[in-house]
Amino acid sequence: MPFSRPDLATLIARAEADIETRLPGADARLRRSNLNVLARVHSGAAHGLYGYLDWISRQVIYDTAETELLERWAGIWGIGRKPAAPATGAATLTGTNGTVISAGTRLVRSDAAEFLVDAEATVSGGTASVSLTADVAGQAGNTAAGSALSLATPIAGISADAIVAVGGLTGGADIETDDLLRERFLARVQQPPHGGAAHDYVAWALEVEGVTRAWCYAAELGLGTVTVRFVRDDDASPIPDAGEVAAVQAHIDALRPVTADVTVVAPVAVPMDFQIQLTPGTAAVKAAVEAELRDLLLREAEPGTTILLSHLREAISIAAGETDHDLVSPAADVTHTTGQMATFGSITWL
C-alpha cells in the first residue's frame, strides 16, 4: 500500500503519547511545559525530514523531477534545455548619403527594449537598412513590421527615428519551460531514435528554440518525401514565418537520413470565429469562455484535423461562471484540409 506522510499535528500527538508512555504520570500535553515543548520541537524536525524525503521521492522519477534534477536526468539522455533566443530582423534609417552606422549601434523601442546593429551600414539614396539583434534574448524582443525605433545615442547625419522593416523582428524565444523540457525528455525515453522514423522528425523540430509542437507527414509530396509542420505557441502568432521555417529546415537537414527529401512548411492558419449567446453575459464569464476555447485549440488543433462541435460546446460549458449558452456558429464539426490548421479568430457575443 502507498505510504501516507503524517502531518505535523499527527507527529506532535505521537510524540506527546510516546513521552507519556515512557514517563508515567507526566503530562506532555500541558501547554508551555518542558515536555510539551520537546514534543513540538522533535515533531517539527521530523516533519521537515518527512518533507525532504517527499521531495526526494519526486526527483528520482523522470516525470515529477523539478528544474535542477530534471535537467540532470534529461542531460543523461542527451536532451538539453533550449536556451532563450534573441529576435532578429532589419530596420530602415534615413540620413545623409555616405554616413556610416557602426556595428553595435543601439536602437530603442518605446518600452525601452534595445536592439544592436549587427554589421556596419552606409546611407545610400537617403536610407540605410541595418540588421538588428535584440540585446536581451526572449520572446519580448519580437517586434512587428512598421514599429518605431529610435537611436539610443544621436549620430550626426542620421535621423533619430527608425522603422522596423518588412518581416519584423522575429525568432525571439524564451528559455524552455520545465513542462516542455519534460515532454521532450519523456518522448526521447519512450520513443528512442530510429534514424528517420516519424517521431525522429518531430523530435528534431522541437530541438529548435521557440518550437512548441510539430508534426510529420510521410510521402505527402510523393515517394521518399517527408513533410514537417510546426508551430510556436508562445509567439504572438503560433504560425511561423519564413525565417523560422528556414531555421527548422536547416536544423533537420543537418540530422536527417541522406536519402530523405524533407520539406519544412508552416501550417496554413484558418481562423475560427464564434457566435455565442451566453448566460450570464458578464465580462468575467466571457473571458473564461474565451480562455477555454483558446485552450481547446491549443490542445486539439493540428494540421488537417477536425475540430469537433461537441468539444467546442464542452469547452464553453466548463468555463467558470457559465450557466447556459447557445453556440450559433460554428454549427457543425469544422474540418480542415491538408496543411490547414485551426487558430483562434474572434467571438461575437449575441
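Because the structure is predicted, anything quoted here is derived from the model rather than measured.
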Contacts of Y201 meeting ring-ring contact (aromatic ring centres under 6.0 Å, His included) (sequence neighbours excluded), chain-then-number -> W204
Checking the side chain of Q59 only, and the main-chain atoms of W55 only, is there a donor and an acceptor separated by less than 3.5 Å?
yes
Co-members of the apolar cluster containing V270 [side chain, <4.5 Å]:
none
Within a strict 4.5 Å, meaning less than it, do heavy atoms of the L149 and V108 side chains meet?
no
May I ask you to decide if A319's main-chain N or O and E322's side chain share a donor-acceptor pair within less than 3.5 Å?
no
Could you tell me whether a side-chain N or O of D135 sits under 3.5 Å from a main-chain N or O of E114, the two making a donor and an acceptor?
no
Same cluster for V289 and L297 if Ile/Leu/Val/Met/Phe/Trp/Tyr side chains link at under 4.5 Å?
yes
Under 4.5 Å between side-chain heavy atoms, chaining through other members, with only Ile, Leu, Val, Met, Phe, Trp and Tyr counted: pull out the rest of the cluster around L49, sorted by chain and number.
none
Could you walk me through whether L296 and E314 pass the side chain to side chain contact (heavy atoms under 4.5 Å, CB included) check?
CA-CA 10 Å; L296 172 69; E314 179 187 28; over 6 Å; no
Could you tell me whether the side chains of D178 and T67 share a donor-acceptor contact shorter than 3.5 Å?
yes
Under a plain distance cut-off of 3.5 Å, with no hydrogens placed, do D333 and T306 share a side-chain donor-acceptor pair?
no
Do the charged groups of D63 and R182 touch, with an N to O distance under 4.0 Å?
no
Between the side chain of H325 and the main-chain N/O of Q277, is any donor-acceptor distance below 3.5 Å?
no
Test item: T143 side-chain N/O and G141 main-chain N/O as donor-acceptor pair under 3.5 Å
yes
Where does the angle between the aromatic ring planes of Y50 and F3 fall among parallel (under 30°), tilted (30 to 60°) and perpendicular (over 60°)?
parallel
Hey, does T227 have a side-chain heavy atom less than 4.5 Å from the side chain of L221?
yes
Is the number of heavy atoms from other residues, nucleotides or ligands within 6.0 Å of CD1 (I56) greater than 12?
yes
Between T225 and D261, do the side chains contain a donor N or O and an acceptor N or O under 3.5 Å apart?
no
Which residues end up grouped with L350 if you chain together Ile, Leu, Val, Met, Phe, Trp and Tyr wherever their side-chain heavy atoms are less than 4.5 Å apart?
V328
Beyond-backbone contact of V202 with Q191, side-chain heavy atoms, under 4.5 angstrom:
no
Any T105 side-chain heavy atom under 4.5 Å of L116 side chain
no
Heavy-atom donor-acceptor pair, H199 side chain to A197 backbone, under 3.5 Å
no
For D233 and L298, what are the C-alpha separation, side-chain angles and deciding distance, and is it a side chain to side chain contact (heavy atoms under 4.5 Å, CB included)?
CA-CA 8 Å; D233 292 306; L298 181 64; 3.3 Å; yes
Option passing salt bridge (charged side-chain N to carboxylate O under 4.0 Å, His left out) with R81 (candidates E71, E207, E68):
E71
Ion pair check, E209 and K82, cut-off under 4.0 Å
no
Taking salt bridge (charged side-chain N to carboxylate O under 4.0 Å, His left out) as the cut-off, I'd like each qualifying pair that reaches into residues 47-62, sequence neighbours left out, listed once.
R5-D54, D54-R58, R58-E66
Is a donor on one side and an acceptor on the other found under 3.5 Å between the side chain of Q340 and the backbone of V268?
no
Distance-only polar pair, side chains of D118 and T133, donor-acceptor under 3.5 Å:
yes
When you check the gap from the basic side-chain N to the acidic O, do R213 and E302 get nearer than 4.0 Å?
no
Contacts of T10 that satisfy side-chain contact (heavy atoms from CB on, under 4.5 Å) - sequence neighbours left out:
P6, D7, R14
ring-ring contact (aromatic ring centres under 6.0 Å, His included) partners of W215, counting only residues at least two apart:
none
Under the rule for ring-ring contact (aromatic ring centres under 6.0 Å, His included), what residues qualify as partners of H311, not counting sequence neighbours?
none
Using 4.0 Å as the upper bound for N to carboxylate O, is an ion pair formed by E244 and R232?
yes
State whether a side-chain donor-acceptor pair under 3.5 Å links D324 with T279.
no
Please check: side-chain N/O of E20 versus main-chain N/O of A28, any donor-acceptor pairing under 3.5 Å?
yes
Without placing hydrogens or testing angles, list every side-chain donor-acceptor pair under 3.5 Å for residues 37-45, not counting sequence neighbours.
residue: R40; atom: NE; partner: N36; partner atom: OD1; Å: 3.1
residue: S43; atom: OG; partner: L11; partner atom: O; Å: 3.0
residue: S43; atom: OG; partner: I12; partner atom: N; Å: 3.3
residue: S43; atom: OG; partner: A39; partner atom: O; Å: 2.7

Yes or no on side chain to side chain contact (heavy atoms under 4.5 Å, CB included) for V334 and M272, after CA distance, side-chain angles and deciding distance?
CA-CA 9 Å; V334 181; M272 183 175 289; 3.8 Å; yes
Which residues pass the side-chain contact (heavy atoms from CB on, under 4.5 Å) test with P193, sequence neighbours left out?
R188, D200
Would you mind checking if R109 and D111 are paired as a salt bridge, meaning a charged N to carboxylate O distance below 4.0 Å?
yes
Does anything in residues 282-296 form a salt bridge (charged side-chain N to carboxylate O under 4.0 Å, His left out)? List the pairs, not counting sequence neighbours.
E290-R294, D295-R299
Expected list for residues 84-102: side-chain donor-acceptor pairs under 3.5 angstrom, two or more places apart:
residue: N97; atom: OD1; partner: G125; partner atom: N; Å: 3.1
residue: N97; atom: OD1; partner: G126; partner atom: N; Å: 2.7
residue: T99; atom: OG1; partner: T96; partner atom: O; Å: 2.8

